Every structure is written in C-alpha cells, then in structure tokens.
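Written below as structure tokens is the structure these notes are about.
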Amino acid sequence: MFTGIIETLASVTELKKEQENIHVSLKSEITNELKIDQSVAHNGVCLTVVAIDNDEYTVTAIKETIDKSNIGDLKVGDEVNLERAMRLGDRLDGHIVQGHVDQIGFCKDIKEEGGSTVFTFEYDSGLNNVTIEKGSITVNGVSLTVVNSKLNEFSVAIIPYTLEHTVFKHFQIGTKVNLEFDVIGKYVARLTSKN
C-alpha cells in the first residue's frame with residue numbers, strides 16, 4: 001500500500017531481458033535503506049527489490065506489468081518516481097494507492113496557469129475506468145486531484161515543487177504514463193453501473 005507521495009527519484013542504470021521479464025537496475029539516494037524483498041513503487045508500479053549492489057538495486061517486471069505500464073519503455077538514464085510502501089501508523093498524505101497500474105494514458109496538453117502547470121491526459125475509456133471531478137488519480141505514482149474530468153480524459157495541476165521533484169519535469173505531449181484510478185472511485189463506479 002502506498003500514498004502517492006514521491007520520496008525521491010531513481011536513475012535506470014541497466015535493463016536485462018530474461019524470457020518475458022525485464023530486470024531493471026537503478027541508482028538512488030535511498031538504495032542503502034532498501035532491503036531485498038521490499039516493495040517499492042516505480043512510477044506507480046509496485047515492484048520487489050531482488051538484489052542490492054552498493055548504491056544500485058534491481059527489481060523485476062513480469063509480462064503482465066510490462067503490458068499494463070510504461071516500464072517496458074524505460075531506457076538507461078531515465079528517471080523514475082520512487083515511493084516505499086506505507087508503514088502502519090504513518091499519515092496518509094496522498095490517498096490509498098495500491099501500486100497496481102490500471103492502464104496507460106498519454107499526455108495530451110501542457111499549460112502554464114497562474115503559478116502551476118496543468119497537464120491533460122487521455123486514456124481508453126473502454127476499459128471501464130473513470131475519473132471523478134475533485135477525486136484522486138495516480139499518474140506515474142503521484143497522488144493528484146482530478147480537474148476537468150471527462151469520459152476519456154482529465155487534467156491535474158502540478159505545483160512547482162512537484163514539477164521539480166518528480167518525472168513530471170520530463171513530460172511532453174505524447175508521453176506515456178501509468179494510471180491508477182482511485183480505488184474508492186472505482187468501487188463507486190462499479191456499484192453505480194450495476195444499478
């Protein structure tokens with residue numbers, strides 16, 4: 001379980017394909033605090049630490065994860081958002097995030113607006129995921145509030161601090177992102193669709 005509050009960034013140092021899996025090695029300032037078997041969200045994807053070597057660690061993504069996320073598009077040198085799993089008793093500063101990406105989306109528009117940057121994303125609404133106005137959404141692991149919710153798109157406003165300290169600073173029109181829709185919103189949407 002995660003909160004969508006990014007702790008730091010990691011840089012991809014190596015990618016190794018093994019059958020349908022990808023082993024991703026990364027370097028981060030928190031590597032020395034990680035343990036083997038620990039769950040860490042990488043751009044919102046919950047992956048298990050399988051090896052640690054000095055200031056680098058390795059996680060493995062399986063085919064299901066690669067198919068549903070942007071993990072398979074990573075290249076050496078890319079940065080990813082990192083968040084370690086929530087501890088019982090911690091404050092829930094973002095929202096309840098499972099680290100299970102629902103689907104990918106694409107950056108459709110980027111605009112500066114009164115001190116923040118508004119990003120608009122589009123996604124395939126045929127997968128029955130929905131956003132709710134002023135509800136929560138996770139984009140590449142970042143907990144955000146939805147604005148301008150539509151059937152297959154939504155926007156989020158990013159403050160300068162978040163822009164500087166997450167991979168949002170690298171986004172361009174067309175950037176592929178991981179989306180995890182709010183678990184409470186998904187539950188409500190499913191209940192409503194049955195009535």
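Start at 1 with the first residue, then count along the sequence. Note that these values count all heavy atoms, side chains included, but never hydrogens, waters or copies made by symmetry. Since the structure is predicted, the reported quantities are computational estimates derived from the model, not experimental observations.
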Gln103 and Asn129 side chains, donor-acceptor separation under 3.5 Å: yes

Cluster link Val45 to Tyr57, ILVMFWY, side chain under 4.5 Å: yes

Side chain Glu133, main chain Asn148, donor-acceptor under 3.5 Å: yes

Pair Lys35 + Asp37, salt bridge at N-O below 4.0 Å: no

Distance, nearest 0.5 Å, that separates CG of Asn140 from NE2 of His42: 12.5 Å

Distance in Å, Thr131 OG1 paired with Leu144 CG, rounded so as to fall on 0.5 Å steps: 12.5 Å

Criterion side chain to side chain contact (heavy atoms under 4.5 Å, CB included) on Val139 and Leu179, from CA distance to verdict: CA-CA 5 Å; Val139 178; Leu179 299 177; 3.9 Å; yes

Heavy-atom closest contact (Ser136 atom, Asp182 atom, distance): O-CB, 3.2 Å

Donor-acceptor contact below 3.5 Å, side chain His165 vs main chain Leu163: no

Contact summary for Asp73 and Asp78, nearest pair of heavy atoms: O-OD2, 4.1 Å

Considering all heavy atoms, the nearest Leu82-Ala10 contact: CD1-CB, 3.6 Å

Identified side chain to side chain donor-acceptor pair (under 3.5 Å) counterpart of Asn178 within the set Asn43, Thr65, Asn70: Asn70

Phe168/Phe119 aromatic ring centres below 6.0 Å: yes

Working for side chain to side chain contact (heavy atoms under 4.5 Å, CB included), residues Ile110 and Thr117: CA-CA 7 Å; Ile110 304 170; Thr117 308; 3.6 Å; yes

Flag side-chain contact, heavy atom, 4.5 Å: Lys134 against Val146: no

Hphob cluster co-occupancy, Leu9 + Phe171, side-chain heavy atoms under 4.5 angstrom: yes

Modelled atom types, side-chain donor and acceptor of Ser11 and Glu79, under 3.5 Å: no

Side-chain donor-acceptor pair present, Glu153, Thr120, cut-off under 3.5 Å: no

Lys169 atom NZ, neighbour heavy-atom count above 12 within 6.0 Å: yes

Side-chain (Glu56) to main-chain (Thr13) donor-acceptor, under 3.5 angstrom: no

Under 3.5 Å: donor-acceptor pair, side chain of Asn81, backbone of Val167: yes

Transitive ILVMFWY side-chain link Ile137 to Val101, under 4.5 Å: no

Partner residues of Asn21 under the side-chain contact (heavy atoms from CB on, under 4.5 Å) criterion, sequence neighbours left out: Thr60, Ile62

Between CD on residue Glu14 and NE2 on residue His23, distance to nearest 0.5 Å: 10.0 Å

Lys/Arg-Asp/Glu bridge criterion (N-O < 4.0 Å) met for Arg84, Glu33: yes

Test item: side-chain donor near acceptor, Ser25 and Thr58, under 3.5 Å: yes

Nearest non-hydrogen partners of Ile6 and Gly141, listed with the distance: CD1-O, 3.4 Å

Check: Leu26 and Ser28 side chains under 4.5 Å, non-hydrogen atoms: no

Side-chain heavy atoms of Thr162 within contact of Val142, under 4.5 Å: yes

Which residues share a side-chain contact (heavy atoms from CB on, under 4.5 Å) with Ile66, sequence neighbours left out: Ile22, Ala61

Transitive ILVMFWY side-chain link Ile158 to Phe154, under 4.5 Å: yes

Minimal non-hydrogen separation, Val12 against Lys75, with atom names: CB-O, 3.6 Å

Nearest atoms (heavy-atom pairs only) where Glu29 meets Asn32: O-OD1, 3.6 Å

Ser39 side, atom OG; Glu83 side, atom CD - distance, nearest 0.5 Å: 11.5 Å

Pairwise side-chain contact, Ser149 with Ile132, heavy-atom cut-off 4.5 Å (strictly under): no

Hphob cluster co-occupancy, Leu47 + Phe2, side-chain heavy atoms under 4.5 angstrom: no

Test side chain to side chain contact (heavy atoms under 4.5 Å, CB included) applied to Leu34 and Ile52, step by step: CA-CA 8 Å; Leu34 299 178; Ile52 299 173; 4.3 Å; yes

Phe121 and Val177, any side-chain heavy atoms less than 4.5 Å apart: yes

Atom pair CD1/CG of Ile71 and Leu15 - distance to nearest 0.5 Å: 9.5 Å

Any side-chain donor near an acceptor of the partner, His100 and Glu180, under 3.5 Å: no

Derivation and outcome, side chain to side chain contact (heavy atoms under 4.5 Å, CB included), residues Val49 and Val40: CA-CA 7 Å; Val49 176; Val40 180; 4.0 Å; yes

Atom pair CD/CZ of Glu122 and Phe106 - distance to nearest 0.5 Å: 8.0 Å

Lys68: partners by side-chain contact (heavy atoms from CB on, under 4.5 Å), with sequence neighbours left out: Glu64

